[in-house]
Amino acid sequence: MSHITLVRHGQANTAARDEANYDKLSDLGHQQARWLGAHLQSTRAHHPRVFCGTLTRHVETAASMGLPEPTQDARLNELEYFTIAKLFEEQHGIAVPTDREEFVEHLPRTFDAWAKGQITGAPETFEDFEDRVSGALRDIGTEGGPAIVVTSGGLISMVVRQAMGLDIPSMARVALAIMNTSMHRLHPIGAQLAPVLFNAVPHLEAPDRQFAQTHL
């Protein structure tokens, strides 16, 4: 039995307001990923199993980290936040945020409405998102050595929700806290996966790299 390390992708296109334009790393995002890859190499971290979602920012992060060719799994993709937020605006008049302060208020409201089924026409229901995340983690499992999984912040927050039994507001706070290229580790304890590491960015802790501790 071994552990699973989830990695959020590097900084993406922060100016984007839709899924397609967001889905590419910024120059800083590539650098964050290179620093993380170098850290893993210098600490001789061993991950014989490598996975990522199918989104461009996932694949680019894994490549800039210098990881072996990952197994791509669409179940590891992010929820379509921009699409859901646009529907939320159209159906309930809640404006899509334009800065971080607005985003901090908007995300919990959006998660809550989505979970309650109050946003119609979403690409997937909240329950479907829960199911695909739990299914992906179950299939990755803990046999065959440590696994590293490059994915997104919303998915990581769902994993933490499922592991810790969090309510929706708590899940949203977790999502807002997650930094780009942060590491989150799960160990099997009994029949369940339990978080033993959250939001770790040792590769960004040096004073000359702290500017790269980004959330968006």
Under 3.5 Å, side chain of T110 to main-chain N/O of A85, donor-acceptor pair present?
no
Would you say Q118 has more than 12 foreign heavy atoms packed within less than 6.0 Å of its CD?
yes
Please report the closest heavy-atom contact between F82 and E19, naming both atoms and the distance.
N-OE2, 2.7 Å
When rounded to the nearest 0.5 Å, the distance separating CD1 of I178 from CG of L155 is 9.0 Å
Quick check: closest heavy atoms across L76 and A136, and the distance to 0.1 Å?
CD2-CB, 3.9 Å
Residues forming a side chain to side chain contact (heavy atoms under 4.5 Å, CB included) with D167, sequence neighbours excluded
P169, S170
Could you check, using the six-membered ring where one of them is a Trp, whether W114 and F129 have ring centers closer than 6.0 angstrom?
yes
Are the side chain of Q213 and the backbone of V201 linked by a donor-acceptor contact shorter than 3.5 Å?
no
Going by the salt bridge (charged side-chain N to carboxylate O under 4.0 Å, His left out) test, which pairs reach into residues 52-78, not counting sequence neighbours?
D23-R57, D73-R75, R75-D139
Nearest heavy atoms of L137 and L186, plus distance in Å:
CD1-CD1, 4.0 Å
Distance, nearest 0.5 Å, that separates CG of L216 from OH of Y22:
7.0 Å
State whether a side-chain donor-acceptor pair under 3.5 Å links Q32 with T214.
yes
Rounded to the nearest 0.5 Å, what's the gap from CE on M65 to SG on C52? Could you check?
10.5 Å
Could you give the distance from CZ (F211) to CZ (R209), rounded to the nearest 0.5 Å?
9.0 Å
Apply side-chain contact (heavy atoms from CB on, under 4.5 Å) to F126 and M158, showing your working.
CA-CA 10 Å; F126 188 85; M158 175 58 80; 3.6 Å; yes
Value rounded to 0.5 Å, distance of CG in L40 from CG in L67:
7.0 Å
M171 and R173: CA distance, side-chain angles, deciding distance, side-chain contact (heavy atoms from CB on, under 4.5 Å) verdict:
CA-CA 5 Å; M171 175 187 166; R173 288 195 295 273; over 6 Å; no
So how far is it from L87 CG to E80 CD, rounded to the nearest 0.5 Å?
10.0 Å
Distance-minimising heavy-atom pair for T83 and P123
CG2-CG, 3.8 Å
Return the minimal non-hydrogen interatomic distance between T142 and R49, and the atom names on each side.
CA-NH2, 3.9 Å
Determine yes or no for a side-chain-to-main-chain donor-acceptor pair under 3.5 angstrom, with N180 supplying the side chain and H9 the backbone.
yes
Sequence-distant partners of P97, side chain to side chain contact (heavy atoms under 4.5 Å, CB included), two or more places apart
Y81, E102, F103, H106
Going by atom type alone, with no hydrogens or angles, which donor-acceptor pairs under 3.5 Å involve a side-chain atom of residues 189-199 and a protein atom two or more places apart or on another chain?
unit_1	atom_1	unit_2	atom_2	d
N199	OD1	M179	N	2.9
N199	OD1	S182	OG	3.3
N199	ND2	A177	O	2.8

Return the set of residues passing side chain to side chain contact (heavy atoms under 4.5 Å, CB included) with A63 (not counting sequence neighbours), or none when no residue passes.
none
H58 and S152 side chains, donor-acceptor separation under 3.5 Å:
yes
When you check the gap from the basic side-chain N to the acidic O, do D128 and R132 get nearer than 4.0 Å?
no
Say whether T54 and Q72, considering side chains only, have a donor N or O and an acceptor N or O under 3.5 Å apart.
no
Inter- and intrachain pairs under ring-ring contact (aromatic ring centres under 6.0 Å, His included), touching residues 24-47, at least two apart
none
Stepwise side-chain contact (heavy atoms from CB on, under 4.5 Å) check, V149 with V7
CA-CA 6 Å; V149 179; V7 174; over 6 Å; no
What are the two closest heavy atoms between R109 and E105, and how far apart are they?
CG-O, 3.5 Å
